[in-house]
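Heads up: the structure comes next, in structure tokens.
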Amino acid sequence: DVFVRVVMPELTGPQKPLLTPGEKLHAWAKLLDGEDVSITADAARATVKCGRAKATLPLMPAANWPSNEIYNLKANGVTLTQGALARALGFAQIAVSDESPRYTLNGVQIEGDGSKLHVVSTDGHCLVLYTIACEEKINLLMPSRLVKALLPLLTDEDGGVDLAHNDTQMLASIDAETKLYAGAVRINGQFPNWKAVMPN
């Protein structure tokens, strides 16, 4: 349901895709001791080195990795600063519901009317509304899992972030020295009429 891609300059590494267990790679990354990471591989395992840190990781068939076109999403959307979006989502996650039967409350409503962008969440008891100046129109429901994945990636206060979406998916493209993408399947359903509670 949630997709994250990081694109960074390649210093040295294999010329073909590698698929390795994420937990093992993440555990090794915590031990990084140096600046440059090198990756070599044979048919069964990959060796990753960084300074004095070295690990050998098992490989799985790269063909098992699901093909996903979400990273090519160029449909409707808006462009915001990372700082503005981070503040909006940070406040909004306070009131996101975790009750699975009420799935339309398990996300953050992003709604632009051409002059303001409203970021809204509610758990049925409290409601959070954050407003950003924005001249673009948009109406989508961002899953809470994408909110949690996206927030740590919004690190440049004045950097840009593009939110693109189609009928079924949405993608955040984050401007940074290392290009970052975070996407998800959109929540289907109608978000509650928050304007009846908090007219704007």
Side-chain angles (χ1 to χ4, degrees), residues 1-9 68-99 102-200:
D1 293 332
V2 176
F3 316 91
V4 175
R5 173 178 284 183
V6 180
V7 181
M8 63 188 72
N68 197 300
E69 295 301 317
I70 191 172
Y71 301 108
N72 298 321
L73 191 61
K74 302 291 184 184
N76 302 320
V78 297
T79 299
L80 303 166
T81 64
Q82 294 181 38
L85 183 60
R87 284 188 292 276
L89 295 179
F91 280 109
Q93 69 175 353
I94 296 170
V96 173
S97 173
D98 58 2
E99 298 180 34
R102 309 177 73 181
Y103 64 93
T104 57
L105 303 185
N106 296 162
V108 174
Q109 175 74 4
I110 299 177
E111 189 174 319
D113 59 12
S115 62
K116 296 178 181 178
L117 184 76
H118 305 290
V119 180
V120 191
S121 64
T122 181
D123 59 6
H125 302 285
C126 71
L127 183 144
V128 171
L129 169 64
Y130 192 96
T131 303
I132 305 170
C134 181
E135 297 181 354
E136 298 169 85
K137 294 184 177 181
I138 191 172
N139 191 331
L140 60 88
L141 189 51
M142 180 184 290
S144 61
R145 290 183 62 192
L146 179 57
V147 173
K148 292 176 182 176
L150 188 56
L151 275 172
L153 305 178
L154 302 173
T155 57
D156 183 353
E157 173 72 21
D158 298 318
V161 54
D162 298 321
L163 293 179
H165 67 95
N166 58 22
D167 291 340
T168 59
Q169 298 175 320
M170 62 176 299
L171 177 70
S173 302
I174 303 168
D175 289 335
E177 183 177 350
T178 298
K179 191 67 177 177
L180 303 171
Y181 301 89
V185 176
R186 290 177 56 177
I187 297 176
N188 291 322
Q190 186 66 40
F191 192 76
N193 183 10
W194 60 271
K195 292 181 180 178
V197 179
M198 189 180 293
N200 189 53

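Since this is a predicted model, take the numbers as computed values, not measurements.
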Return all side-chain donor-acceptor pairs below 3.5 angstrom for residues 140-164, not counting sequence neighbours, or 'none' if the list is empty.
from, atom 1, to, atom 2, distance (Å)
Ser144, OG, Asn106, O, 3.3
Asp156, OD1, Asp158, N, 3.3
Asp156, OD1, Gly159, N, 3.3
Glu157, OE1, Arg87, NH1, 3.3
Glu157, OE2, Arg87, NH1, 2.8
Glu157, OE2, Arg87, NH2, 3.3
Asp162, OD1, Thr79, OG1, 2.6

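The closest side-chain heavy-atom distance from Leu171 to Phe3 is not below 4.5 Å.
Atoms CD1 and NE2, from Ile138 and His165 in turn, are 4.0 Å apart once rounded to the nearest 0.5 Å. How far CG of Leu117 is from CD1 of Ile132: 5.0 Å, rounded to the nearest 0.5 Å. How far CG of Asp98 is from CG of Leu105: 10.5 Å, rounded to the nearest 0.5 Å. Here the CG atom belonging to Asp113 is positioned 6.0 Å from the NZ atom belonging to Lys195, to the nearest 0.5 angstrom.
In this structure, Phe91 and Tyr130 have parallel ring planes: the angle between them is below the 30° cut-off, well short of the 60° mark.
A distance-only check finds no donor-acceptor pair linking the side chain of Gln93 to the backbone of Ser121 [under 3.5 Å]. Between the Arg5 side chain and the Gly183 main chain, no donor and acceptor come within less than 3.5 Å of each other.
The shortest non-hydrogen separation linking Arg186 to Asn139 is NH2-O, 3.3 Å. Shown here for Glu69 and Asn72, the closest heavy-atom pair between the two residues is OE1-ND2, 2.7 Å. Shown here for Val7 and Tyr181, the closest heavy-atom pair between the two residues is CG2-CE1, 4.0 Å. Here the shortest heavy-atom pairing between Thr168 and Asn166 reads N-OD1, 2.9 Å.
The side-chain hydrogen bond (donor to acceptor under 3.5 Å, both in side chains) test with Trp194 is passed by exactly one of His118, Glu111, Gln109: Glu111.
Residue pairs meeting the salt bridge (Lys or Arg N to Asp or Glu O under 4.0 Å) criterion with at least one partner in residues 117-130, sequence neighbours excluded, are absent. Among pairs with a residue in residues 125-137, none fulfils salt bridge (Lys or Arg N to Asp or Glu O under 4.0 Å), at least two apart in sequence or across chains.
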